[in-house]
Amino acid sequence: QVQLVESGGGLVQAGGSLRLSCAASGSIFSSYVMGWYRQAPGKQRELVATITSDGRGNYINYVDSVKGRFTISRDNAKNTVYLQMNSLKPEDTAVYYCGARTRGGSWADGYWGQGTQVTVSS
């Protein structure tokens with residue numbers, strides 16, 4: 001079992017920055033693929049970024065709409081994953097969810113936090 005708690009959401013003007021954090025407890029954090037999803041009103045949940053760690057380093061993926069603006073990172077010693085969001089746009093407004101899954105598993109079978117609201121005003 002993995003428990004996830006997000007923090008760091010809020011209201012920011014377009015062009016501003018926010019840093020989301022996700023603290024994990026339970027199973028071995030470093031072995032899990034960590035990710036951030038978001039869901040805007042009336043839209044499907046979208047995978048924003050993922051990060052996988054092994055003995056050689058981190059493997060990171062982003063959805064095209066956030067490349068160059070968002071940075072995902074993880075601190076395995078602190079069991080925490082971060083999402084640094086810069087140059088925010090109104091279309092980034094959504095509830096952001098932290099997720100964890102095993103390397104061989106699917107997100108549908110993974111673990112989720114309660115979500116944190118990010119609102120970007122124009």
Side-chain angles (χ1 to χ4, degrees):
Q1 287 286 338
V2 176
Q3 294 80 43
L4 304 171
V5 179
E6 302 102 333
S7 61
L11 174 64
V12 64
Q13 289 188 330
S17 299
L18 283 173
R19 188 193 197 202
L20 305 183
S21 298
C22 173
S25 61
S27 294
I28 302 172
F29 175 79
S30 61
S31 67
Y32 280 78
V33 179
M34 302 300 297
W36 287 95
Y37 272 79
R38 65 185 179 186
Q39 187 164 21
K43 295 187 177 180
Q44 289 190 330
R45 189 172 290 196
E46 175 184 45
L47 181 58
V48 175
T50 62
I51 184 167
T52 305
S53 298
D54 66 13
R56 292 165 291 182
N58 291 325
Y59 303 90
I60 293 173
N61 286 287
Y62 299 100
V63 67
D64 285 346
S65 59
V66 308
K67 285 180 179 177
R69 300 188 298 121
F70 289 12
T71 302
I72 189 171
S73 62
R74 65 193 295 168
D75 186 336
N76 290 335
K78 295 183 178 180
N79 285 4
T80 302
V81 63
Y82 305 97
L83 187 67
Q84 177 67 44
M85 305 185 294
N86 298 329
S87 302
L88 282 161
K89 304 176 181 180
E91 51 264 43
D92 294 318
T93 296
V95 178
Y96 283 71
Y97 298 90
C98 173
R101 65 167 177 83
T102 59
R103 291 177 189 172
S106 68
W107 288 110
D109 296 326
Y111 302 93
W112 298 96
Q114 81 288 352
T116 186
Q117 177 71 47
V118 171
T119 303
V120 184
S121 62
S122 58

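In this view, Lys67 and Asp64 satisfy the salt bridge (charged side-chain N to carboxylate O under 4.0 Å, His left out) rule, not counting sequence neighbours.
Within the model, atoms OG of Ser30 and CG of Asp75 stand 11.5 Å from one another, a figure rounded to the nearest 0.5 Å. Atom OG1 of Thr71 and atom CD1 of Ile60 lie 8.0 Å apart (nearest 0.5 Å). One finds the OG1 atom of Thr116 at 11.0 Å from the CG atom of Leu83 (value rounded to the nearest 0.5 Å).
Under a hydrophobic-cluster definition in which Ile, Leu, Val, Met, Phe, Trp and Tyr are linked whenever side-chain heavy atoms come within less than 4.5 Å, directly or via other members, Tyr32 and Tyr59 are assigned to different clusters. A continuous path of hydrophobic side-chain contacts links Val81 to Val66 [ILVMFWY only; heavy atoms under 4.5 Å]. The hydrophobic clustering, which links ILVMFWY residues whose side-chain heavy atoms are closer than 4.5 Å, places Tyr111 and Val5 apart. Hydrophobic clustering keeps Met34 apart from Tyr37 (ILVMFWY residues linked when any side-chain heavy atoms are closer than 4.5 Å, directly or through intermediates). Under the 4.5 Å side-chain heavy-atom criterion for Ile, Leu, Val, Met, Phe, Trp and Tyr, Leu47 and Val33 are members of the same hydrophobic cluster.
The shortest side-chain heavy-atom distance between Ser65 and Lys89 does not fall under the 4.5 Å cut-off.
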**Message:** Apply side chain to side chain donor-acceptor pair (under 3.5 Å) to residues Asn58 and Ser53 and explain how you reach the verdict.
**Reply:** CA-CA 4 Å; Asn58 291 325; Ser53 298; 2.6 Å; yes
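Using modelled atom types, one side-chain atom of Arg74 and one backbone atom of Phe29 make a donor-acceptor pair closer than 3.5 Å. Between the side chain of Glu6 and the backbone N or O of Gly115, at least one donor-acceptor pair lies under 3.5 Å.
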Scan the side chains in residues 93-102 for donor-acceptor partners under 3.5 Å anywhere in the protein, sequence neighbours excluded, and list what turns up.
| residue | atom | partner | partner atom | Å |
| --- | --- | --- | --- | --- |
| Thr93 | OG1 | Pro90 | O | 2.9 |
| Thr93 | OG1 | Val120 | N | 2.9 |
| Thr93 | OG1 | Val120 | O | 3.4 |
| Tyr96 | OH | Arg38 | NH1 | 2.9 |
| Tyr96 | OH | Asp92 | O | 2.7 |
| Arg101 | NH1 | Arg103 | O | 3.3 |
| Arg101 | NH1 | Gly105 | O | 3.3 |
| Thr102 | OG1 | Gly105 | N | 3.2 |

Extract all donor-acceptor atom pairs below 3.5 Å that involve side chains of residues 7-26 and protein atoms in other chains or at least two apart in sequence.
| residue | atom | partner | partner atom | Å |
| --- | --- | --- | --- | --- |
| Ser17 | OG | Asn86 | OD1 | 2.9 |
| Ser25 | OG | Gln3 | OE1 | 3.2 |

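In this structure, Trp112 and Trp107 have tilted ring planes: the angle between them lies in the 30° to 60° band.
A side-chain contact (heavy atoms from CB on, under 4.5 Å) with Trp36 is found for one member of Ile72, Val63, Ile51, Thr50 and no other, namely Ile72.
Taking a 6.0 Å sphere around CD of Gln114, one finds it holds more than 12 heavy atoms contributed by other residues, nucleotides or ligands.
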